[in-house]
Amino acid sequence: MSFADIGLIGLAVMGSNLALNIAEKGYKVAVHNRSAGRIDDFVREAEAEGLSGNTIAEYDLAEFVAAVKKPRSIIIMVKAGAPVDAMIEQLLPLLDTGDSIIECGNSLHSDTTRRFASLKPRGIGYLGVGVSGGEEGARHGPSIMVGGAKEQWHNAEKVLMAIAAKFDGEPCCAYLGEGGAGHFVKTIHNGIEYADMQMIAEVYGVMRDGLGMNPAECAEIFRKWNKGPLDSYLVEITAHVLDARDVPTGRPLIELIVDKAGQKGTGRWSAIAAQDMGVPATAIEGAVAARSISALKQERIKAEMIYGKPAYGQSDIALDDLEMALLAGKIVSYAQGFAVLQKASEENSWGLPLATIAKIWRAGCIIRSKFLDQMAAAYEKGDNVNLLMVPDFIDIMKKAHKSLRKVVAAGALGEYPLMCLSASLSYFDSYRQSLGTANLIQGQRDFFGAHGFEIDGRGEDLHFDWPPTLDT
Ligand code: 6PG
């Protein structure tokens with residue numbers, strides 16, 4: 001019997017595409033799925049693509065495990081949460097010391113850290129791997145963020161490097177750190193993804209409600225922008241989404257899609273992680289909140305009846321300002337995402353390589369964009385600072401913040417919401433302001449709770465003898 005180089009359990013869309021990608025790159029992959037029907041489908045797909053020679057389909061879990069070369073690397077691609085734990089429990093009695101489980105779903109990083117820690121003493125390596133790029137990426141080259149057991153990573157390294165997207169020939173796949181590091185990085189990738197998508201949607205709102213543009217006109221602008229500094233996968237697909245026509249009615253599809261956004265949780269996790277560590281990530285938080293408020297459709301309809309239709313009206317925003325505003329907002333959201341990564345790296349002693357992360361996000365993943373190359377270059381120079389302090393981005397922001405300001409002001413006066421763009425602007429304004437207003441917060445805190453304040457040259461934890469308030 002010829003053994004498989006790697007095993008893969010879970011043949012839903014992402015899993016089967018990853019397995020076909022592995023087979024196509026010349027590695028033999030054993031596959032298994034709980035329901036036999038999915039295995040049959042996979043066998044047919046592999047046959048149709050001429051990849052049967054590199055696949056071994058096993059209907060029995062023990063036979064599947066036995067079909068993989070030792071030390072075994074077994075990818076599991078099942079729904080995050082309890083199904084992952086259940087799968088691990090089933091696999092454990094069948095594995096040998098030195099084998100490893102490579103979990104490629106969108107798992108909560110703390111779950112991954114827990115699984116990594118519990119399997120380590122049992123001699124089983126646990127790798128928590130973030131895979132970005134959707135179905136297409138899984139099939140033809142995703143961005144792969146690896147965390148967990150470093151020794152066992154080397155057993156699967158060749159295969160994962162081969163299936164990853166390539167940027168200028170470099171694989172978008174890297175080992176990033178122990179425990180849940182890979183899944184944490186994927187979570188923050190998704191937080192940035194949420195912010196990026198939300199700001200694009202807000203800009204579409206300005207075009208639609210402020211400038212009175214139709215979907216085809218909006219699409220044209222996004223297509224144009226995709227040739228400039230905003231060049232990115234999300235801007236590219238936005239033009240396609242805006243261009244699509246509903247088949248039965250012939251109307252622009254975008255006008256028929258209900259304005260309620262779904263979310264599976266990764267964006268929220270990144271906002272929670274940021275809050276937990278005290279890292280300001282207002283753009284990511286704004287994007288999560290915007291999705292949540294979008295889901296309150298019935299409430300929004302009632303509120304509009306109470307407050308009246310928004311004024312909207314023609315706005316005099318120039319499209320060039322809109323482009324620069326989106327660029328500024330995006331830079332702020334990426335800056336926030338990287339700041340969260342930096343802090344998490346310190347807190348968990350992961351030693352996250354920020355330049356490598358920016359590099360493996362340059363192709364394959366959903367947030368791939370031209371300026372990630374600039375970000376990678378900045379971190380490569382050792383500038384481990386907030387991106388707003390990096391020379392290339394200082395140059396852009398010095399001009400672009402003015403456009404962001406005009407757009408946010410127009411949104412406020414025109415009565416259309418810019419939750420994420422305005423959050424980005426406020427972050428920028430707070431970050432670049434040497435004298436803020438927290439002196440007043442400190443005064444208030446000391447007033448009601450003797451929490452203390454600092455005075456330059458006199459020391460910290462000082463108190464004032466505040467007068468009693470009239471009503472106490
Ligand atoms: C990716 C995506 C992918 C998935 C999101 C969608 O990087 O390929 O992020 O993982 O599409 O999880 O998340 P929501 O359903 O929360 O939008």
Side-chain angles (χ1 to χ4, degrees), residues 10 12-18 21 75-81 83-84 102-109 111-112 128-147 160 163-165 167 172-174 176 180 182-201 232-238 240-241 257-274 281 283-295 333-334 337 340-341 357-369 372 419-420:
V13 186
M14 289 296 283
S16 54
N17 278 332
L18 270 186
N21 187 354
I75 295 177
I76 55 176
M77 199 73 190
V78 298
K79 205 168 177 303
V84 172
I102 305 176
E103 199 262 298
C104 290
N106 272 336
S107 284
L108 186 60
H109 75 96
D111 282 346
T112 304
V129 176
V131 176
S132 176
E135 295 170 32
E136 273 290 301
R139 178 66 186 84
H140 300 291
S143 169
I144 304 179
M145 296 146 250
V146 185
L160 296 185
I163 64 167
F167 182 90
C172 291
C173 169
L176 303 173
H183 277 141
F184 188 83
V185 173
K186 175 62 169 55
T187 298
I188 301 307
H189 164 283
N190 282 26
I192 296 173
E193 173 185 301
Y194 273 47
D196 206 335
M197 292 168 75
Q198 176 61 27
M199 287 188 284
I200 291 173
S232 61
Y233 172 73
L234 285 170
V235 167
E236 183 191 339
I237 65 164
T238 298
H240 291 298
V241 173
I257 299 177
V258 176
D259 60 330
K260 281 160 62 175
Q263 48 179 321
K264 293 197 198 77
T266 43
R268 194 181 316 132
W269 294 344
S270 47
I272 292 170
I284 296 172
E285 287 164 11
V288 177
R291 283 202 193 187
S292 301
I293 207 162
S294 83
S333 68
Y334 281 65
V340 177
L341 289 177
I357 293 169
K359 279 179 160 185
I360 65 171
W361 285 350
R362 289 177 303 179
C365 69
I366 302 294
I367 64 167
R368 59 187 184 261
S369 55
L372 270 166
M419 187 92 88
C420 206

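Whatever order the structure lists ligands and atoms in, that order sets their numbers, starting from 1. Throughout, numbering of the chain's residues begins at 1 and tracks the sequence.
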Exercise for the section: Decide whether the shortest distance between a heavy atom of G267 and an atom of ligand 1 is less than 4.0 Å. Expected result: no
Problem - Where ligand 1 meets N190 - atom numbers and elements under 4.0 angstrom, heavy-atom basis - result: 5 (C), 7 (O), 9 (O), 10 (O), 12 (O)
Handout entry: Those atoms of ligand 1 less than 4.0 Å from some heavy atom in H189
Key = 7 (O)
Problem - Side-chain H-bond candidate by donor/acceptor type, S107 with E103, under 3.5 Å - result: yes
Exercise for the section: State the atoms of ligand 1, each with its element, that fall below the 4.0 Å cut-off from a heavy-atom position in R291. Expected result: 14 (P), 16 (O), 17 (O)
Handout entry: atom 7 (O) of ligand 1: nearest protein contact (heavy atom, Å)
Key = S132 OG, 2.5 Å
Practice task
Show which atoms of ligand 1 fall inside a sub-4.0 Å distance from at least one heavy-atom site of G133.
Solution key: 1 (C), 7 (O), 8 (O)
Problem - Closest protein heavy atom to atom 16 (O) of ligand 1, given as residue, atom name and distance to 0.1 Å - result: Y194 OH, 2.4 Å
Problem - Which residue and heavy atom of the protein sit nearest atom 4 (C) of ligand 1, plus the separation - result: N106 ND2, 4.2 Å
Practice task
Verify the neighbour count for atom CD1 of I293: are there more than 12 heavy atoms of other residues, nucleotides or ligands below 6.0 Å?
Solution key: no
Problem - Over all atoms of both residues, closest heavy-atom pair of A271 and E285 - result: CB-CG, 3.9 Å
Problem - Those atoms of ligand 1 less than 4.0 Å from some heavy atom in E193 - result: 1 (C), 2 (C), 5 (C), 7 (O), 9 (O)
Problem - Exercise: do S132 and E193 side chains pair donor with acceptor under 3.5 Å - result: no
Practice task
May I ask whether G134 has any heavy atom positioned less than 4.0 angstrom from an atom of ligand 1?
Solution key: yes
Problem - 4.5 Å side-chain heavy-atom contact, I163 and L18 - result: yes
Problem - Ligand-residue contact atoms, ligand 1 with I366, heavy atoms, under 4.0 Å - result: 1 (C), 2 (C), 7 (O), 8 (O)
Problem - atom 11 (O) of ligand 1 touched by protein (heavy atom, under 4.0 Å) - result: no
Problem - Test item: N21 side-chain N/O and A138 main-chain N/O as donor-acceptor pair under 3.5 Å - result: yes
Practice task
Taking atom types as modelled, find out whether N106 and K264 have a side-chain donor-acceptor pair closer than 3.5 angstrom.
Solution key: no
Problem - Contact partition for M145 relative to ligand 1, non-hydrogen atoms under 4.0 Å - result: neither
Handout entry: Sub-4.0 Å atoms of ligand 1 with respect to non-hydrogen atoms of K264
Key = 14 (P), 15 (O), 16 (O)
Exercise for the section: Return the minimal non-hydrogen interatomic distance between I188 and G337, and the atom names on each side. Expected result: CG2-O, 3.4 Å
Practice task
Output all residues satisfying salt bridge (Lys or Arg N to Asp or Glu O under 4.0 Å) with R368, sequence neighbours left out; order by chain, then residue number.
Solution key: none
